[in-house]
Amino acid sequence: MKDKIKIFASEKNWIEGEALRQLEKTAELAGMVSAVAMPDIHPGRGNPIGAAFITQGIIYPYLVGNDVGCGVGFFKTEIKRSKIKRDKWVKKLAGLESPWEGDSSQWLLQSGIESGTMDHSIGTIGGGNHFAELQLFEKIYDQNLFDKLTLDKNILMMLIHSGSRGIGDSVLRRHTEKYGAGGLDIDSEEAALYLKQHDYALKWAAANRHLIAYRMSEQLGCECEKISDVCHNSISRIESDKQSLWLHRKGAAASDCGAIVIPGSRGTLSYLVMPVGDQQKNAWSLAHGAGRKWNRSSTKERLKERFTTESLIRTDLGSYVICEDKELLFEEAPQAYKNIDVVIDDMVQAGLISVIASLKPLITYKVRQT
DNA sequence: ATGTCC
């Protein structure tokens with residue numbers, strides 16, 4: 001069993017024991033070929049978050065979780081850093097938690113997907129660790145790749161972390177009602193149906209991130225352009241020696257789609273990186289963030305005596321947090337997350353990525369009214 | 001994580 005497990009984390013990267021116990025337990029599932037921990041691995045509901053699992057002959061919807069298609073999109077604005085109106089924008093940005101007034105089914109159609117029963121929630125951020133963030137480039141590490149991505153150090157960027165909202169949840173629920181955390185034989189009708197719904201959730205989630213970026217840029221008075229959009233909760237087929245294997249990603253960013261942004265927390269830098277070399281050893285996957293250090297309830301316990309709401313809506317980097325849900329404001333505090341620099345460095349040292357640029361937050365939008 | 005659980 002141990003030979004199936006790989007962990008991409010150095011000595012200086014603290015990892016919660018429970019996350020590793022969950023990793024070992026998951027590696028024992030029937031059909032498991034390999035279990036790969038990313039440097040941001042942390043405990044989830046029975047199975048770890050921040051890991052990739054390769055199976056043969058069977059798929060496990062429960063490993064992916066309910067936010068099928070969740071990921072991170074990176075979009076360019078047209079606003080120069082010399083034109084920042086932060087306080088005005090903090091007042092103006094609104095409604096990204098509420099239904100879009102535009103034609104949702106048309107947006108989906110333009111994104112190449114059919115409209116359905118969840119059209120009304122397209123373009124909404126959702127809860128938990130999801131956000132829409134306005135960012136500035138902090139430092140360029142690879143000018144050549146930076147230029148190739150048509151980026152400009154003086155142009156503000158938007159980073160969107162969101163998923164498939166109620167869609168993935170209904171897809172997983174339909175599965176767990178009958179099978180719980182059990183897997184599906186890959187040749188079964190159930191597996192085919194799950195994968196079909198899964199594929200829809202992935203496209204829907206990407207269209208969702210794009211619309212969130214569009215809504216944000218509209219409020220800022222500019223156009224937006226997608227630079228990168230990468231999913232971190234999914235199942236995909238990989239071909240290996242004439243056989244099909246199934247790659248499950250749970251909080252593990254796909255590293256076979258070009259450059260990606262790995263967010264820190266709302267109070268730290270995020271990193272634009274390029275996967276390098278043979279990605280097979282890390283199951284074509286990377287960390288999807290800094291990873292939680294403290295769970296939600298303990299975070300609130302630890303911080304409630306020491307911090308006020310007013311202090312938490314500002315960060316050490318001078319950015320502003322729009323989060324009118326007090327519980328969420330505490331739960332997602334930067335202190336709850338591990339050090340993103342350690343996570344990034346672990347992947348650089350392992351030869352998995354090279355850093356293109358770092359970004360710093362200007363405004364993090366979570367939720368306006370609760 | 002969730003048109004979420006009480």
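Atom set for the values below is all heavy atoms of this structure, side chains included, hydrogens, waters and symmetry mates excluded. Per chain, numbering begins at 1; letters A, B, ... match sequence-line order.
Asn208(A) places its CG atom 14 Å from the P atom of dA1(B), with the value rounded to the nearest Å. Distance Trp204(A) CH2 to dA1(B) P: 15 Å, rounded to the nearest Å. Regarding Lys366(A), its NZ atom lies at a distance of 8 Å from the P atom of dA1(B), rounded to whole Å. Taking atom OH of residue Tyr62(A) and atom C1' of nucleotide dT2(B), one finds them 14 Å apart after rounding to whole Å. The CZ-P distance, from Arg209(A) to dA1(B), rounds to 13 Å in whole Å. Atom CD of Glu331(A) and atom P of dT2(B) are 13 Å apart (whole Å). Rounded to whole Å, atom C1' of dG3(B) lies 14 Å from atom CD of Glu97(A). Atom C1' of nucleotide dA1(B) and atom CZ of Arg173(A) are separated by 11 Å, given to the nearest angstrom.
Under the 4.0 Å criterion applied to side-chain N and carboxylate O atoms, Arg249(A) and Asp256(A) are assigned as salt-bridge partners. Under a 4.0 Å N-O distance rule, the pair Arg209(A)/Asp229(A) qualifies as a salt bridge.
A donor and an acceptor atom never sit less than 3.5 Å apart when one is taken from the side chain of Asp67(A) and the other from the base of dA1(B).
Residue contacts shown for Gly166(A) are limited to sugar-phosphate atoms, with no base heavy atom under 4.0 Å away. Contact annotation for Gly168(A): no contact, since no heavy-atom pair falls under 4.0 Å across all strands. The residue Arg45(A) sits close to a base: some heavy atom pair falls under 4.0 Å. Residue His120(A) is classed as a base contact, given a heavy-atom separation below 4.0 Å to a base.
Within the 4.0 Å cut-off from OP1 or OP2 of dT4(B), not a single side-chain nitrogen or oxygen of Arg165(A) is found.
Under the 6.0 Å distance and 45° angle rule, Arg292(A) counts as a cation-pi partner of Tyr337(A).
The number of heavy-atom neighbours closer than 6.0 Å to NZ of Lys196(A), taken from other residues, nucleotides and ligands shown, is 12 or below.
Rounding to the nearest 0.5 Å places CD1 of Ile260(A) at 11.5 Å from OG of Ser270(A).
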